[in-house]
Every structure is written in structure tokens, then in C-alpha cells.
Trainee: 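If you scroll down you'll find the structure; I have some questions about it.
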Amino acid sequence: MARVVVDVMLKPEILDPQGKAVHGALPRLGFDGVTDVRQGKRFELELEGEISEERLAELRKAAETLLSNPVIEDYTVRVEQQ
Amino acid sequence: MARVVVDVMLKPEILDPQGKAVHGALPRLGFDGVTDVRQGKRFELELEGEISEERLAELRKAAETLLSNPVIEDYTVRVEQQ
Amino acid sequence: MTDQRQPATLDTVDHALDTPDAQQPWRDLGLKPDEYAQLREILARRPTSSELAMYSVMWSEHCSYKSSKVHLRQFGELVTDEMRACLMVGIGENAGVVDIGAGYAATFKVESHNHPSYVEPYQGAATGVGGIVRDILAMGARPVAVLDPLRFGSLDAPDTLRVMPGIVAGVGGYGNCLGLPNIGGEAVFDSTYAGNPLVNALCVGVMRHEQIHLAKASGEGNQVILYGASTGGDGIGGVSVLASETFADSGSSTSGPGKKRPSVQVGDPFMEKLLIECTLELFEADLVVGIQDLGGAGLSCATSELASAGDGGMHVWLDRVPLRDASLAPEEILMSESQERMMAVVQPAHVDAFMRVCRRWDVEATVIGEVTAVTDDEASRGGRLVIEWQGETIVDVPPRSVAHDGPVYERPFARPAWQDALQSDGAEKLPRPKSGAELRETLLQLAASPNLCDKSWITDQYDRYVQGNTVLSQPEDAGMVRVDADSGLGVAVATDCNGRFAKLDPYAGAQLALAESYRNVATSGARPLAVTDCLNFGSPEDPDVMWQFAEATRGLAEGCRELGVPVTGGNVSFYNQTGETPILPTPVVGVLGVIDQVARRTPLGFASEGQAIYLLGTTREELSGSEWAHVVHGHLGGTPPQVDFAAERALAATLAAAACDGLVEAAHDLSDGGLAQALVESCLRRGVGARVRLPEDLDPFVALFSESTARAIVAVPRSEESEFASRCAVISLPHAAIGETAGLGDGAVLEVQGQFRLPLAELREAWSATLPAAFGA
Amino acid sequence: MKVGVVTFPGSLDDVDARRAVTIAGGEAVAVWHGDEDLRGVDAVVLPGGFSYGDYLRCGAIARFAPVMTHVIDAANAGMPVLGICNGFQILCESHLLPGALIRNERRRFVCRDQRLRIENATTAWTSSFDPGAEVIIVLKNGEGGYVAKESALDRLEGEGRVVARYLGGNPNGSLHDIAGITNERGNVVGLMPHPEHAVDALFGPGVDGRAFFTSVLKTLATA
Ligand SMILES: Nc1ncnc2c1ncn2[C@@H]1O[C@H](COP(=O)(O)OP(=O)(O)O)[C@@H](O)[C@H]1O
Ligand SMILES: [Mg+2]
């Protein structure tokens, strides 16, 4: 059993309407000093068995083809052993 | 300058239609052995200056009131010094 | 099946017999001492924990209607032959069904999802839409449209900023994703709804007569199939328990009494869309004997209602239910309100075909039970429902006692001590605008007020075009969709309620809601046919509130008889109050009408210049409870406008006939804001101005702002004027020529001769800025 | 002429698209997402809706449906393909068109009658329009903001591949007010607004949408 976490964020040059909205709302709630907010997605995948290098490579491919759209997004994959 | 990352995930007992959809799509693309997928949100906040305990407490409050809905979601806040 | 959390001993029926004196948490589950006693008497033993769970949710206020039943009976009793004529399925099923001609039937119903929408506005509203759509689907119909009557706290209350955008996004998010056009609804702001927003959702469905399905488990040996989403631990006892207590007592999560699980569920509209298409294909292939949606009280409700309505018993293997969380105990599975599930009764020979259709739509389906024979003795006790868990019997009850023979309360009610004082404080004595300039200011102020302003900030978030049959949608008086592409047959629906009128006089208030909704449908050119209602009130344990409820139901039932339109179904929502303060009594009434040829519908906007504008009906000095008194003076007192059903009937008949014969180009009923607001909306709809002369026998202020009922304005082409006027004269319908349409585009003007001129551009600015200013452009 | 309309789980405007094809004089053919061939159609419409709930990203899961392999091959071979709204998103996810569609700038779903200018009247789906024509078509989307790299945008503009642009206010934050684009060959068009809801004046804002469907029939007839 292992957990793999994939984080997907919009590329820096792509407008992020949701992050912008959060950024705009923070000062209204009294939180100052935030210079930027970006909102992305976090996937937690639970896997059976061991994580081999090979499976990790497969997962990277899934992250690249399915979980993110490389035209607008960057991703990171990391294993959280349990 | 510091980056604070807030991860917001649906509570385990709450249905996650998005995670379910991804879970369903993975085998069709040839990725097997995944037993569960949960999809959440990841916020990256860029802050000016130092992160004091006090500011962190404030941020936790923002995470609880603005970034998540505690009725259905859990959150974690962590600092990534740069 | 792995059980991590299951108690050491399963509470089986045998165990219950062995341990008659075991302590049971009936109080935490919301049962009263006498209800628990009644339950022991029915079973002649103590209930098992699973039985206790079932009875407690099914006997909750939300599911059993225990406080309202004695009043709702009138809807079934006060029925005339005229009303019966169109009625195919009446009160008591998932939704009523009416005959709309040419072999088509329409089914429609409005339901509330108020409390969950306060806790989690987006998901609460979304699952509210999901729930009512499944009710309509369960009747055998294709859902074709939704409407959403909503109530929020004051526009300037901070919590409204959280609640309103979330609710609107939730209604849209779910309905849009299902592909159901949103064709109407309401958005009303009043301070009494702060902390208690109302989310009522109405769905309309259409089917051929022979496709009507009922929630019945009959035919020994028939299989009981649960299909759709798997069952999870969210929302255990949620809707039913949340909606059945004083809201303040019940925590939003695990803190309340009886450590409730999260009472809010997350909806999966995609799953529901698959469920709709899958179910319609099952109907089409004739694979379904009986069907029931899973809503409040989940499996407890579906199994007991199906078994209770059928001619046999039912045996269920509960451990076959597909779970999202393997640790759920049987009681929790029975109470879970997980969304997007349905239950069907299927002949054994059809099970394979049933499963094939489900697979095609990627819908999980599992045989979890079977219809069984019952002895005469069992039948006389209310049938027999047996539920088994891992080989042991955990439920063995007469299903009728669960589903239909719950407790009935005659709650005390009395006219509130403050009612007389309230009624004697009329708005007719308040200071009024006098000069033309003051009237102009008042009109602008009202047009920009939260309840009368442009609602497109909300309605632009709803898909009104999907399915390609929408003829009328917001901001028209009624929504209208085509039912049959060949003949042009269509249905129109409107919902209405003025809670201020209902507070001043709940009997009249309910009738005024009915009258307005009926009038709206007729104004669109359709013939009003039938009624659904959602009765939103405070706590039934408060005799004042109970009196409001009793008066409103009596008013509605008698009003329906007067107008000849039957109540086909509806919903009651109690405990809408913050602390001791209840919401305005809000009996929302939905009316469905039929139109033979949708191309003949009447839109509300003036469409061209030079047409005669007629004011139909009688204007009296009626200002109490009006939008003017509310907006300008913050005043609520007096008695509401007079109800005149004969006049409503005459007006409706004239408008429907005029539409059919092409005598009117536009029509708009008069309600909130009176003639002034009707003119504003008719002009702005398509940017056509108007020159109006107020009737000489009326004070100009009263003529513009009184809210007398049974009135409408129409735009009549010059060529049809004499025909139209003579038709009104024949039935003595008051009709005054009050001006003509004049001017196109932003240069056009609304002119009230001798009083003021108002450019449409200025008017539009005021009318459309309010919601964007509050909620963001 | 046979125009296929693909139904994915969660497609909503497939029936409307078929009706629009019929009104324009074509033969509409229902194609299922699981189909292993295109049923002999001459052109394909990927309709609007929420395929697979639009969970993950709009169009991301639909792009892997069995039928899409065939749609992609056919498009590359020159068959006219129109993606409307969710269909546009699927075309971008399939890399038949450049760029992507993101959450509306105002973060709300928007449904309205939208004015557009037809910028390119030479594609398979717009040849019946006059160049520069102004039309009104229904717009309804939650994630309709068109984005692409600066260089990709420059290329689209330079090659005249912007098919339609929003007029009277950008409804969703699309870069360059882009409402629709085409591929180099002009056979694949992605469009955020819904022409299938503007083919009968009783049920939409007018009949300006018809020309998209008559265009493809004309294109096929002269091919
Ligand atoms: N206010 C009302 N007016 C008329 N009928 C009502 C009203 N409230 C409930 N009913 C009817 O009582 C029956 C039970 O209601 P309900 O529990 O809401 O149905 P469901 O179980 O399908 O959700 C339904 O047939 C409903 O139409
Ligand atoms: Mg029901």
C-alpha cells in the first residue's frame, strides 16, 4: 500500500481566476501581506503493492496525459509511503 | 518571502465525484492497481516578510473559513521556506 | 464484507426478544416517549437497533408529516369533478400526474432543501435539485425543466453574501449538468430568512399515459434491484433529522444530539444524468414493475414504501448493498441518504436485460431483495418486510407501520395575540409621494429594490436553452416548454408566494400565492391545470406558527376548489426559524398549465410601437404588505389585497383565449410593485417605450403602486382592438385603454402623462445595477 | 449528407445538434462514445454538455473514449469536425486544436444571447457566412476562457484561424475575445457558443446558428 500525491498547478503565465478571487478576498477578511495566490489540484492515489521505478514512470505518464493538461499546467508526482 | 501551501480535501466519508471519475478513467488508459483516488484543491500563497506563529494562526483561520468548508472538507497548512 | 466498527453483538430480532429491557437511544434519534411505546406495541417486543433506526427516520416530521397530515387532508377532500377530470395520479405518490392531452401526461412537484443549504449552500442546493428530479423520474417521466423558488436574508446582511451565491451556483451546477433547462423560480430577500434561506426546487416531467410508473412492490418472486451510486456514510439521517428539529439544536456536523454524521452530502450530477438516461431506457424496454427513488431516509424509506404499497411482502439482504465505506453498520446503511440511487422491482426473467441496460450506462446495479408472499394475517397487519444481515434477521416489521401509519399529531394552534394589532396597522395611512417628480423617484427606487430588480445575475447562471424546447423562461411570467414537436403541445409553470401577505393573513396569503401563480400561467397563454405546493413555516410546536400553517392550508385547499385546479402533491418544511423568530410564512404555490400550440404563447415584453395598452381588472387602494410599503417605509401591517377568484378566472380565460386567437402581442400580470413595475418590465424586456394615461378616477399613486390582484396589462395591435375590447365587455372584465407603446431602443421613454418621463436607459441602469453591486459584476 | 453527432456519457446538446443538422437539410446520425467506427458519416459534431461530469478537466476524459481515436484519424484525414462548447474542449484536449479552455474569469457559469463576429468565412463550418458577419448565438459555459501561449495566439491570428470573436463584452475572459478557432486545414472548428440553439426562433435568440450546419453540407457537396 502506498499513496502517491500528484499536484497540478496552472503554469505561471496562465491566468488563474480562482487564485485571483481568493487573493482579492483575503484582505477583506483581514489577512494582509499576501502577494499572490494560485489555486491548483491535488490528487491522492492509493496504490496496491509496492511502488517500483517502473510503476512510478507509468504514473508520471498518467499525470502528464490525464491528470494535467501540459498546454496550461505543470505537475509534480511524489510517493508518500505509509 | 515565504510560500504557504494549503491542501483542502473532502472528508473521507464524503463522496468525491471527481476522484471517482479519475479512478474510473485510469484503467481505461492502462493504469491498474489504483484502489482509490481523491481529488482536492491546493492553494499556494506567497507571503511578504517572515512567517510568525501569529500569522500562521491567521492563515489557519483563512484556511478554515475561506479556503475550505469544514462541514465537508479537511485542510492542512504548511510553510515552504524559499 | 469487513466490519471494523460493528458492535460485538448484532442486534437481531432474536436478540431483541432475549433482551426486552435493553436500553435504546430512541430519544437521541428524535423519538418521543409515546412514539417509542407505540413502536413496541406494534412489534410486540422492543425494536432491534435497525428497526429503531428505520422507524425514527420514517416517523420524523420530514418523512411522516405527523404535524401537517391532518391539515393536508383537505387537499384530497375538497375536490370537484372539474378538478378530477385531468388528474391521473393524485397526492400520495412521488409526484402527481395530470393529463395534458394527445396521450401525454405531465408530472411535477416542488420540494424544499432549506436546512442543508444553509449549512453548505452549494451542495445543499445542488442535492435539492437532484432529489426532486429523481421523484419525477420515478413516476416514469423524462424530466424536462426545473424551477427554483428561493428566499434569502436581506441583501445587505453579511451572511447573504455567502449563502446566496453558493445556492445559486449549486442550483445551476446540478441542473446545468443534468441538461435540464431552468425556466423559472423566485428570488426574494427578507430579513427573516437570514439564517434560514429557503431552497425550494420544482421539477416537471413528461411521459406518455402508458408510461406512468408507481412505487409498488408486487408480484411474488420479483427481484428488488438497487442501482446508481454506492452507499456511503454521509448524510445519515441528514435531511430527515435536520429538517425535523429546531435548527439551533442540531449541529451541522458531529456535534449535535445523537452524534450525527455530516448531514450534508455532495451531489454527483453526472451520476444522476446517467441514472436518468438509464432509467428511461429501462422504462422504454418495459423492464420495470415498480420503482422508487431514494431520497430522505434512504433505504428505510424505499424498502418500506415499496413494500407497503405493494400486494406482497419484501425480503432484503442488506449485506448485498454496495458500499463506499465498508465499515458501515446495518443501521447506518438503512439510514444513509447517499444521493443518486434508485430502487426497482423487476420480474426475474427481466433481470439480465435490466443489468445489460445498466452496464451500457456504467450504472452499478445489485439485486438486494425479493418480493415475498404474505399471509392474510400478515396483510391485515400491514404486510411484512424482513431484512437480513449476514444470515441473521435484523428487521421484521409490517412496512405499512413504518411508511404510512406513523404518528399523527393534532398540534395546538391559536390565532396569535399580535395578529389583530398587526392587521390594524395598515400601510394606507403612510405618507405617499405626491408630485410627478416624487412618483418618478419612487418608481426608480422600487425598480432598483432587491425584490423587483433585474435577476439576471442569478438566471444567467442557469442553462435555459438545453433540450431545445424552451419557449419562455426568466424573466417571463411563466416558464414554458414544448412537449410534442409535431403538434406544438406545451406546458407552462410558475411558482409564487408573497410571504408578507401570508404574515398579515395566512389564509388569504396562501390564496394570493395561488392566484398569482395561476394568473402567471394564464398570462403566458396557457390554461392552468393543477397545483403543487411547498409549505415553508417555522416550528409546528409554536401554536402561532401552527395557526399560520392551518390557515394557509385551509386557504389553499379552498382556493384550489374555487379555481378548479387540484393539488397534486407537494412538501412541508417546518422548523424554519432562528431562535424564537420564524420566517415569514411562505406557502410557495406552483401552477402547471397546458397550451395546445406553443407558437401561440404570449411573451411579456412590448415588441413593437403603436400598440394599444390595456389595463385589465379592478384597481383598489391596496397598499398593505406591498413592495412600496416594504421598500420605502420598511413597514409591514394591515390586511393584504382582496382575493377575487371569479375575477381571476375571467381574466385567465380571456388571456388564454386572446393568446390562442392572436389578439395580444404582449401580456404581463400585475403583482409586486403594481402597475408601475409591470410597465417597467414590459418596456425593458425588449427596449420599447410606452406613453400611459392613468385612469382619471384613481389617485395617480394608487394607480401606479397598489397591488390589487386579478389584473394584467396587455399590448393589443390596433387591428384587434375592437375584437379584444368587445370580448372583455361580454364577460364584464374591466378593461381600460391606458396608452400605447412608443419609441424603440435606448432613446425610448416610459412616460406617464401629466406626471413624469423616464428614459429607458436610466431605468435600465437603476434596475440592473443592484445585484451586481452586491455580489460582484 | 450524413453528419454524425457523438453522444458521450454526460453529453447534453446532442439531441439539439441532431435537430439542427436536420433543419439544415442534412441527415443526422447518432454516434455512441463506445463505437468502434464512425458509421459512415461525412462529418462529425462533438456536442455540448458535461462529458463525464467535466470532472478533472472539461473534455479530458472524453478524449480517451473509443470513438475519439476514429474522430482524430478522420479529422487528420480532412473530415469536417465541429466541436461545440464541451466538444471544443475535447478537441483541445485531443490536440486537434491548440490551446485550452479554463474557468470563466468571473468564475460563474454564464448563459446568454451572445453577439459574435465571424472572422473566417472559409472553414468547412462557416463558408455560408459573409466574412465579418455579425450574428447572435447562445453562449453557455462555465469554463470557456480560451488560453494559449503567446506564440500560438500569434500564429492563430497571423494565419487567420480565429473563426469567431465575442462582441459587446467578453463573457468569459477569453484571450483576444476568441469564441472559436480552426486548424490549419480549416476542417476542424472549435466553437464555445452553441449554434444548435439558434436554429428556430421560437426556441432561441434567432436562426443565425443555421449557417454553421448549412456550411458543412455545402462544403461536403462541393468536395
Ligand atoms: N404540502 C403538500 N401538499 C400536497 N401534498 C403534499 C404536501 N406535502 C406532502 N404532500 C404529499 O405527501 C406525499 C409524501 O410526500 P414526500 O414525503 O415529500 O414524498 P417523497 O417521499 O416522494 O419525498 C407526497 O405524495 C406529497 O406529494
Ligand atoms: Mg420520492
Side-chain angles (χ1 to χ4, degrees), chain C residues 142 165 168-182 267-278 340 359-363 456-474 480-482 485 488 490 597-601 603 772 775-777, chain D residues 7-20 22-23 32-34 47-56 58 61-62 65 85-86 104-114 137-143 169 171-172 193-205 209:
Chain C
R142 172 176 281 281
V168 170
V171 170
Y174 206 99
N176 294 345
C177 190
L178 286 189
L180 289 179
N182 185 307
D268 182 353
F270 172 58
M271 181 72 237
E272 181 118 327
K273 169 70 178 166
L274 298 184
L275 209 51
I276 293 174
E277 298 303 332
C278 175
E340 292 96 21
R359 265 197 303 279
R360 174 172 144 84
W361 288 101
D362 267 326
V363 170
S456 51
W457 191 94
I458 295 170
T459 56
D460 280 0
Q461 296 185 54
Y462 303 150
D463 185 347
R464 55 185 181 273
Y465 288 113
V466 66
Q467 294 193 8
N469 290 314
T470 307
V471 194
L472 298 174
S473 57
Q474 309 94 328
M480 185 183 288
V481 291
R482 174 176 62 179
Q597 178 45 259
V598 290
R600 291 286 182 187
R601 89 268 174 253
F775 299 105
Chain D
T7 299
F8 299 94
S11 290
L12 304 178
D13 301 310
D14 46 347
V15 178
D16 301 61
R18 293 205 300 268
R19 192 187 289 136
T22 311
I23 287 176
W32 186 242
H33 66 104
F50 292 74
S51 58
Y52 297 93
D54 272 359
Y55 299 141
L56 186 58
C58 302
I61 299 179
C85 195
N86 196 228
N104 292 352
E105 195 173 7
R106 293 192 187 98
R107 296 172 304 122
R108 297 193 299 264
F109 187 94
V110 57
C111 174
R112 70 186 204 193
D113 301 343
Q114 178 70 44
I137 305 279
V138 170
L139 176 97
K140 43 171 212 179
N141 65 256
E143 306 197 17
N172 48 28
H194 290 255
E196 80 282 13
H197 289 321
V199 294
D200 180 338
L202 199 53
F203 307 100

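Per chain, numbering begins at 1; letters A, B, ... match sequence-line order.
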Trainee: Working to the nearest 0.5 Å, report the span between CG of D/D200 and CZ of C/R482.
Mentor: 6.5 Å
Trainee: Do the side chains of C/V471 and D/F203 get nearer than 4.5 Å, heavy atoms only?
Mentor: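 Answer yes - side chains close enough.
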Trainee: I need the D/L12 CG to C/K273 NZ distance, nearest 0.5 Å.
Mentor: 5.5 Å
Trainee: Report the relative orientation of the aromatic rings in D/Y52 and C/F270; use parallel for angles under 30°, tilted for 30 to 60°, perpendicular for over 60°.
Mentor: tilted
Trainee: Sort C/D362 into side chain, backbone, both or neither according to what part of it lies under 4.5 angstrom from a heavy atom of chain D.
Mentor: neither
Trainee: Who wins among D/V199, D/V15, D/D14, D/D113 for the most heavy-atom pairs under 4.5 Å with chain C?
Mentor: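 The option with the most such pairs is D/D113.
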Trainee: Looking at SG of D/C111 and CG of C/N176, how far apart are the two atoms once the value is rounded to the nearest 0.5 Å?
Mentor: 8.0 Å
Trainee: Could you give me the CA-CA distance, side-chain angles and deciding distance for C/N469 and D/R19, then say whether side chain to side chain contact (heavy atoms under 4.5 Å, CB included) is met?
Mentor: CA-CA 11 Å; C/N469 290 314; D/R19 192 187 289 136; 3.9 Å; yes
Trainee: Using heavy-atom distances under 4.5 Å, tell me whether C/A169 contacts chain D through its side chain, its backbone, both, or neither.
Mentor: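 Answer is neither: C/A169 stays 4.5 Å or more from chain D.
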Trainee: Is C/L472 in contact with chain D via its backbone, its side chain, both, or neither, using a 4.5 Å heavy-atom distance?
Mentor: neither
Trainee: Is any residue of residues 460-468 of chain C within less than 4.5 Å of chain D by heavy atoms, and which ones?
Mentor: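 Listed by number, the contacting residues are C/D460, C/Q461, C/Y462, C/D463, C/R464, C/Y465, C/V466, C/Q467, C/G468.
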Trainee: So, for D/R108 and C/F775, which heavy atoms are closest and what is the spacing to 0.1 Å?
Mentor: NH1-O, 4.4 Å
Trainee: Measure distances from C/R360 to the heavy atoms of chain D and classify the residue's part below 4.5 Å as side chain, backbone, both or neither.
Mentor: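 It is both, since atoms from each part get that close.
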Trainee: Mind checking the CZ-SG spacing from D/F109 to C/C177? Nearest 0.5 Å is all I need.
Mentor: 10.0 Å
